[in-house]
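Notes for the one structure printed next.
Quick note on labels: first sequence line is chain A, next is B, and so on, each numbered from 1. Keep in mind that the numbers below use all heavy atoms, side chains included, and drop hydrogens, waters and symmetry copies.
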Amino acid sequence: MSLAWSRGGTRQADVVRRLLWGAAFMVVLPLQTSVMDVMAIGGMIPNLPLIGLLLFAVIEGPPAGFAGGVALGLALDFFSASGTVFYTVLYPGLGLGAALIGQLTANLRAPMLLTVVASASVMLSGAHAIWFQPFDRAEDMMRWLAASLGPQALYDTAFAGVLYAVGIWWHPPARQSLKDHDDFFTAGRFPGSVR
Amino acid sequence: MAQSVSGYRRVWLLAAGLAVVIGVLIFPDWPRRPAGFFDRPVTAVFSVLQGALSSAVSQVRGVWSGYVFFVGLREESRRLQADLDRVTLERDTLREVVEENRRLTALLEFQPSATVPLRGARVVGRDPSRWFQAITIDRGSRTGTVVDLGVEVPTGIVGTVVKVFPATAVVLLISDRLSAVPALVQRTREQGIVEGTFGGRAQLKYLPPSSDIREGDVILTSGLTDAFPKGLIVGTVSRVQRAEGELYPDVEVIPSADLSRLEEVLVIERPPPS
């Protein structure tokens, strides 16, 4: 995942990368609340904050993934109608977990990313069902599992795949060497293309 | 090779994140508190971005559906829908008047209900998490919006204000499972509570076990909360089931307001204390 603005090396590139991530964090919630309705299919809307957090965590590594999860979780709890700390508790774990999986499977970019998004989408739904216990009857839960959980995870995964494909098309990935892989473990993110 | 996150910074990031998480666990009710000194800049930026994006989407949708696609049909449909809304409102109001008159003939004293002031608001967003049936409106504490105000459209009630920011407010829809609105059946005058379901529908609960409720019955607000005065339309009964061993009938209600296509709403303001 060596997007141009994620490469280290120059101070300018680092500043640009951080500014872009900052801007993305600022607009992800307004985008989700105002624009993503346009993409609704059967009442399902891609979970842009979750997908954005997972991408950020995989690219930037565990500490940043954790901190990003805290920031996004706080914002979600603050602006949603939940009135709880559900997202503040859950999102840092998702960010950290995604980044750690990203480190362990650094050479399997696309399959790893899609698997992480699908798993996180299912885990988020499951955690929500446990936290809020929204079902009066078991049959309601089964109906929801069949009608919503799978399709939503598929939609989230497909959306993340499209975003990833756009990223690849925009900045084709560079091959990583074993040294890069070691650097990734040290630095928490990919250092850049092999020269 | 330059490292973007040095060892010390990683520790600081993790420590700061952990401190915040522990902080919110110690004060779990912070999301329900009004925006404070530190939250205001964040909510201000969020409101501006949300308003701009919402406006842009509305513009694009308007251009597409209004000028490119079936100009005449859209205008006619809008006019007919407005007529239908008005006639539906009048019909249900008249039904309520008839029922009220029937009951009032037996009473010696009658105190007419006061008119309720309304304030228009524009819907600028939906809930950022996909789990809650909620909308964001462009009326906040600066324009006098407070928690627990009711929100309606001409066809029926919409929900209740649950969070207020300086420029915006979050409205929990009646189809959300956290929502509960005291209601009554127009025909039988039996009282219950309309609650949302996880699937985004609504159900009427806690009716008397011997209730004679039927499909097609109209459900109105009972006026037992400050949010909604008595007699506003909630919805229509679409299904009644009486399972064996269950005390209360299982009553599904379809909200009269189309909660999936809200663009403008009316905030029911509390009349000043006399």
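Contact annotation for A/Y87: only side-chain heavy atoms (C-beta onward) come within less than 4.5 Å of a heavy atom of chain B. Interface remark: A/M36 contributes no atoms to any contact with chain B (heavy atom separation under 4.5 Å). Interface remark: B/V170 contributes side-chain atoms only to the contact with chain A (heavy atom separation under 4.5 Å). Only the backbone of A/I45 comes within contact range of chain B, judged by heavy atoms closer than 4.5 Å. When heavy atoms are compared at a cutoff of 4.5 Å, A/L31 approaches chain B by way of both its backbone and its side chain.
Looking only at heavy-atom pairs under 4.5 Å with chain B, the residue among A/Q152, A/Q32, A/M44 that has the most is A/Q152. Contact count against chain B (heavy-atom pairs under 4.5 Å) is highest for A/D37 among A/D37, A/L76, A/L124, A/N47. Per-residue counts of heavy-atom pairs under 4.5 Å with chain A were compared for B/S47, B/P128, B/G125; the largest is that of B/P128. Top candidate by heavy-atom pairs under 4.5 Å with chain A, chosen from B/L172, B/V57, B/D127, is B/D127.
Checked against the 6.0 Å centroid criterion, the rings of B/F165 and A/F78 qualify as a close aromatic pair.
Taking a 6.0 Å sphere around CD of B/E263, one finds it holds 12 or fewer heavy atoms contributed by other residues, nucleotides or ligands. Annotation: A/M123, atom CE; neighbour count of heavy atoms from other residues, nucleotides and ligands within 6.0 Å does not exceed 12. Counting non-hydrogen atoms of neighbouring residues, nucleotides and ligands closer than 6.0 angstrom, the CZ atom of B/R242 exceeds 12 such neighbours.
A/T33 OG1 to B/I135 CD1: the interatomic distance, rounded to the nearest 0.5 Å, is 12.0 Å. Between the CZ atom of A/F79 and the OG1 atom of B/T136 there is a distance of 9.5 Å, given to the nearest 0.5 Å.
What you find for A/A81 and B/L178 is that their closest heavy atoms are O-CD1, 4.5 Å.
Panel note: side chain B/K163, backbone A/S80; a donor-acceptor pair is recorded below 3.5 Å.
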